[in-house]
There are 2 protein chains.
Amino acid sequence: MTDKIDISLQKAQDECSRTGLRMTDKRCNVLKILLQASGPLSAYEIADQFKSTFAESLSAMSAYRMLDFLMQANLVHKLETSNQYLACSHISCEHKHELPQFLICDKCHTVKEIGLSKQLLKELKDSIENTGFALSSQQLELHGVCKGCQLIHAD
Amino acid sequence: MTDKIDISLQKAQDECSRTGLRMTDKRCNVLKILLQASGPLSAYEIADQFKSTFAESLSAMSAYRMLDFLMQANLVHKLETSNQYLACSHISCEHKHELPQFLICDKCHTVKEIGLSKQLLKELKDSIENTGFALSSQQLELHGVCKGCQLIHAD
DNA sequence: TATAATATGTTATAACATAACATTTATCAA
DNA sequence: TTGATAAATGTTATGTTATAACATATTATA
């Protein structure tokens, strides 16, 4: 059965050949780990999972380099507020890539990549650019407590 | 001459006594360093400046603890995307404290604390909370290039 | 003043990230 | 096909950010 992960990996491969980026086996396997992960992972966690999943060594140094590549290729995002990495949730779809927006739960640490309305994003962007500041396509990371955790935790 | 920094320090003192927080000399001096700084500083930089400014030692460990206190007291913010700390720019004024918003220049690393319109912030907040997610009062950190650097740099 | 709580000092170490150089692998012109 | 070049990966060392654990000093208050 060809599942969503395989489709994403295939799309990633295709996109790289199209744009002349070299998607090696190791890079692909790093992406695979992130696609399979239930949440964002640190570079060191990725290196560890690589070793156990593929029975092949990967230094943290290499993990960082591969993550840099995958981020350049827009296949992976880094959460700057938690020093973790995750696969872009739009690899397999046709969406144009917008400024990504993440909701990060500070209780269970799950992350949801959301899509705010174009209208709202435009207003936000305009307000900022009116001050003369040129936004680079960085992301919005918003912290709080997800629905599930609100029900469970009182603290 | 009683300058803005002294006024801010006094306000900080007053606010702490009012709310029962203990503003010690060292904590006050850490705040002073941030008020005098031209930009955000890392915890280690703060410890170093403390030593040279006050001719008194301060370990990084202590700097972190004092920063934690100052953040709890809402006198200092941490830039989560760059691991740096800065004094709240609203200590000396009467503004109610809203979700802080920072524009961070990736060229010259200056940071501007801005105030987006209440209207826009409300829309943003509502959009997010409609998904069931409870925003904690975290901040918005937006990266890009400031006006000055746009003129200077081509790259 | 005794005692309890809070703050600070000190040392060690964990976690995140990059520099520098060696080796291997892939690309491509001759 | 091979030799030259560039790109990727390996390896070691080190820099940077942050916290844990326990000792000592200071402050608040019963």
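Hydrogens, waters and symmetry mates play no part in the numbers below; they use all other heavy atoms, side chains included.
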Quick one: [X] [atom1] to [N] [atom2], roughly how many Å, whole number?
X	N	atom1	atom2	result
A:Y44	C:dT13	OH	P	17 Å
B:R22	D:dA25	CZ	C1'	12 Å
B:M66	C:dT6	CE	P	16 Å
A:D48	C:dA15	CG	C1'	12 Å
A:M61	C:dT18	CE	P	8 Å
A:D25	C:dA26	CG	C1'	13 Å
B:L41	D:dT17	CG	P	11 Å
B:M23	C:dT8	CE	C1'	16 Å

[X] side-chain N/O to [N] phosphate OP1/OP2 under 4.0 Å:
X	N	answer
A:K26	C:dT25	no
B:N83	D:dA18	yes
B:S42	D:dT17	yes
B:S57	C:dG9	no
B:Y64	D:dA18	yes
A:S59	D:dT12	no

Q) Backbone N or O of A:Q49 within a donor-acceptor pair of the A:S52 side chain at under 3.5 Å? A)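 Yes.
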
Q. Got a sec: does the CG of A:D25 have more than 12 other heavy atoms crowding it under 6.0 Å?
A.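 Open.
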
Q. Within the structure shown, what part of the strands sits under 4.0 Å from B:R27 by heavy-atom distance: base, sugar-phosphate, or nothing?
A.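 Here B:R27 touches the backbone only, sparing every base.
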
(Q) Do the side chains of B:D14 and B:K11 get close enough for a salt bridge, i.e. N-O under 4.0 angstrom? (A) no

Q: Evaluate the side-chain proximity of A:I5 to A:L9: yes if any heavy-atom separation is below 4.5 Å, no if none is.
A: yes

Q: Map B:Y85 and A:F69 onto DNA chain D by nearest heavy atom, then report which one ends up closer to the 5' terminus.
A: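 Nearer the 5' end of the strand: A:F69.
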
Q: Give the nucleotide from the list D:dT17, D:dT9, C:dG9 with an atom nearest to the side chain of B:L58.
A: C:dG9

Q: Would you tell me whether A:Q84 and A:S82 have side-chain atoms, one donor and one acceptor, within less than 3.5 Å of each other?
A: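 Present: a donor and an acceptor within the cut-off.
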
